[in-house]
K.L.:
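Questions regarding the structure given below will be posed in turn.
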There are 2 protein chains.
Amino acid sequence: MPYHHGDLRAALIDAAVDAIESDGVDRLSLRDLARRVGVSHAAPAHHFGDRTGLFTAIAADGFDRLVRELVASGGDFVAAGVAYVRFATAEPGRFAVMFRPELLREDDPALAAARDRAGDLLRAGAGAGAGAGAAAGDTRANALAAWSLVHGFATLWNAGAIDAPAGAAPDELARAVASRLFLRGTDAP
Amino acid sequence: MPYHHGDLRAALIDAAVDAIESDGVDRLSLRDLARRVGVSHAAPAHHFGDRTGLFTAIAADGFDRLVRELVASGGDFVAAGVAYVRFATAEPGRFAVMFRPELLREDDPALAAARDRAGDLLRAGAGAGAGAGAAAGDTRANALAAWSLVHGFATLWNAGAIDAPAGAAPDELARAVASRLFLRGTDAP
DNA sequence: AAGGAAACTTGTCAATGCCTAGATTGGTCG
DNA sequence: CGACCAATCTAGGCATTGACAAGTTTCCTT
């Protein structure tokens with residue numbers, strides 16, 4: 001094992017994401033992380049400072065990934081919502097950290113930038129998709145409703161609170177659920 | 001200070017809820033909790049066994065309180081949703097634990113019972129409120145959409161992710177957001 | 001080749017969770 | 001009334017952890 005790891009920072013983040021996914025955030029130990037990667041117990045501190053720094057790095061990276069998924073999904077509201085849910089359920093270890101301010105260094109520039117990018121994207125997507133059928137001026141409430149819906153679904157799914165048939169895909173169920181929003185006159189009797 | 005505290009169990013839960021609310025779940029220390037209440041460092045273990053036991057007790061109590069709020073809100077969907085949000089935002093310390101399986105002893109009877117009561121109530125409320133205007137057979141998706149919406153809103157609010165005007169009441173904003181669900185034909189052009 | 005910065009290690013300390021054993025109290029039954 | 005007994009709480013100890021300080025190895029630039 002060479003003295004220099006190569007890309008220890010990324011390896012630590014990967015290991016941390018895996019550990020969070022299987023055991024939860026608060027059972028994550030920096031020393032155990034170092035053991036898994038095969039470095040000394042103080043190596044993580046050099047890259048992240050402390051626990052908070054590690055979580056902050058994971059969250060910033062997570063928002064970047066989320067942005068990429070949202071962009072790739074196209075502009076449509078439902079598609080963006082499905083992409084949001086797919087990201088959250090496919091990467092629960094990352095998602096579990098992204099909306100937990102107590103765990104994060106809020107003034108971190110990388111985190112703030114990545115989060116802002118994601119926020120702009122979400123607002124724009126929801127406003128565009130929903131604005132067509134709704135009264136003007138409600139776009140803020142509409143965007144908030146859309147974000148709340150997909151965020152809540154993803155959170156509940158990751159918590160195991162939604163009992164779906166075995167093998168069901170969360171993003172497909174999310175599509176059915178998200179389309180309940182902003183039902184138009186055509187669906188009414 | 002008497003040897004017997006009187007109601008140490010409740011006092012520990014109260015102190016834990018306060019601590020979680022201000023510092024987050026994972027910064028909660030059983031020893032610090034004991035110090036705040038004025039008992040020895042091993043006293044909490046007698047009542048809860050371990051950390052997981054404490055969180056489980058908090059969650060079970062939380063679901064009981066949520067059930068009471070939902071019942072008191074009346075049968076209407078929007079009212080129940082607003083009550084859900086009000087509970088979650090008024091008791092963030094309790095809510096922060098209730099949907100975190102890694103923190104809980106899932107097989108605890110009290111927790112399972114309280115959670116089931118809350119679940120039944122949520123399904124019934126959402127189904128009744130939304131069924132009127134939606135196609136039959138979609139009640140499951142409708143209930144899920146409603147629950148996801150309010151849960152997501154509450155989660156995002158507690159995370160500080162929603163930038164509302166200073167002093168804004170979360171449950172009022174939630175009412176505006178929740179009414180975006182299941183818009184009927186009358187609202188469409 | 002030399003020097004400095006970056007990456008990583010070793011050692012240490014207070015604090016924590018959990019375990020075992022002991023002390024104190026309140027109730028219960030003769 | 002008094003003796004037991006279970007429940008409640010205390011005391012002590014151990015392995016592990018996060019954070020800090022100081023030293024060592026490697027890489028990069030000039």
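In what follows, every chain begins at residue 1, and chains take the letters A, B, ... in the order their sequences are listed.
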K.L.:
Establish, yes or no, whether a centroid distance under 6.0 Å links the rings of A:Phe63 and A:Phe99.
P.N.:
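Yes.
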K.L.:
May I have the distance from A:His41 (atom NE2) to C:dT9 (atom P), rounded to whole angstrom?
P.N.:
10 Å
K.L.:
Which donor-acceptor pairs under 3.5 Å do the side chains of residues 54-61 of chain B make with protein atoms, sequence neighbours left out?
P.N.:
from    : atom 1 : to       : atom 2 : distance (Å)
B:Thr56 : OG1    : B:Thr52  : O      : 2.7
B:Thr56 : OG1    : B:Arg105 : N      : 2.8
B:Asp61 : OD2    : B:Arg65  : NE     : 2.9
B:Asp61 : OD2    : B:Arg94  : NE     : 3.2

K.L.:
Any idea which of D:dA11, C:dC8, C:dG17 is nearest the B:Leu30 side chain?
P.N.:
C:dG17
K.L.:
Apply side chain to side chain donor-acceptor pair (under 3.5 Å) to B:Arg36 and list each qualifying residue two or more places apart in sequence or on a separate chain.
P.N.:
B:Asp32
K.L.:
Among all residues two or more places apart in sequence or in another chain, which pass the side chain to side chain donor-acceptor pair (under 3.5 Å) test with A:Asp116?
P.N.:
none
K.L.:
Within the structure, does a side-chain N or O atom of B:Arg35 lie under 4.0 Å from either OP1 or OP2 of C:dT16?
P.N.:
yes
K.L.:
For A:Phe48, enumerate each residue passing the ring-ring contact (aromatic ring centres under 6.0 Å, His included) test, keeping only those at least two apart in sequence or located in another chain.
P.N.:
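For A:Phe48, no residue satisfies ring-ring contact (aromatic ring centres under 6.0 Å, His included) once neighbours in sequence are set aside.
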K.L.:
Consider the side chain of B:Ser40, meaning its heavy atoms from C-beta on, and name the nucleotide among C:dG17, C:dC8, D:dC9 that approaches it most closely.
P.N.:
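Comparing C:dG17, C:dC8, D:dC9 against the side chain of B:Ser40, the answer is D:dC9.
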K.L.:
Expressed as a whole number of angstroms, how long is the span from B:Arg31:CZ to C:dT16:P?
P.N.:
7 Å
K.L.:
Sequence neighbours excluded, which residues qualify as side chain to side chain donor-acceptor pair (under 3.5 Å) partners of A:Asp120?
P.N.:
A:Arg123
K.L.:
For DNA chain C, find the residues of residues 9-29 of chain B with a heavy-atom distance under 4.0 Å and give them by number; none if there aren't any.
P.N.:
B:Leu28, B:Ser29
K.L.:
In a table with atom names and distances, give each donor-acceptor pair under 3.5 Å that connects a side chain of residues 163-177 of chain B to protein atoms at least two apart or in another chain.
P.N.:
from     : atom 1 : to       : atom 2 : distance (Å)
B:Asp171 : OD2    : B:Arg86  : NE     : 3.0
B:Glu172 : OE2    : B:Arg175 : NH1    : 3.1

K.L.:
Report the residues that fulfil salt bridge (Lys or Arg N to Asp or Glu O under 4.0 Å) with B:Arg117, sequence neighbours left out, ordered by chain and then residue number.
P.N.:
B:Asp64
K.L.:
Quick check: closest heavy atoms across A:Ala34 and A:Ser40, and the distance to 0.1 Å?
P.N.:
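So the minimum-distance heavy-atom pair works out to CB-O, 3.3 Å.
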K.L.:
Which pairs would a plain distance check flag for residues 155-162 of chain B, meaning a side-chain donor or acceptor within less than 3.5 Å of a matching protein atom at least two apart in sequence or in another chain?
P.N.:
from     : atom 1 : to       : atom 2 : distance (Å)
B:Thr155 : OG1    : B:His151 : O      : 2.7
B:Asn158 : ND2    : B:Ala88  : O      : 3.0

K.L.:
Under 4.0 Å from OP1 or OP2 of C:dG17: is there any side-chain N or O of B:Arg51 that close?
P.N.:
yes
K.L.:
Determine to 10° how strongly the helix from C:dA1-D:dT30 to C:dG30-D:dC1 is bent, judged from the axes of its five-pair ends.
P.N.:
10°
K.L.:
For residues 10-22 of chain B, tabulate all N or O donor-acceptor pairs below 3.5 Å that involve a side-chain atom, not counting sequence neighbours.
P.N.:
from    : atom 1 : to      : atom 2 : distance (Å)
B:Ser22 : OG     : B:Asp18 : O      : 3.3
B:Ser22 : OG     : B:Ala19 : O      : 3.4

K.L.:
Could you check which residues of residues 42-50 of chain B get a heavy atom under 4.0 Å from DNA chain D? Sort them by number, please.
P.N.:
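The answer is B:Ala42, B:Ala43, B:His46, B:His47.
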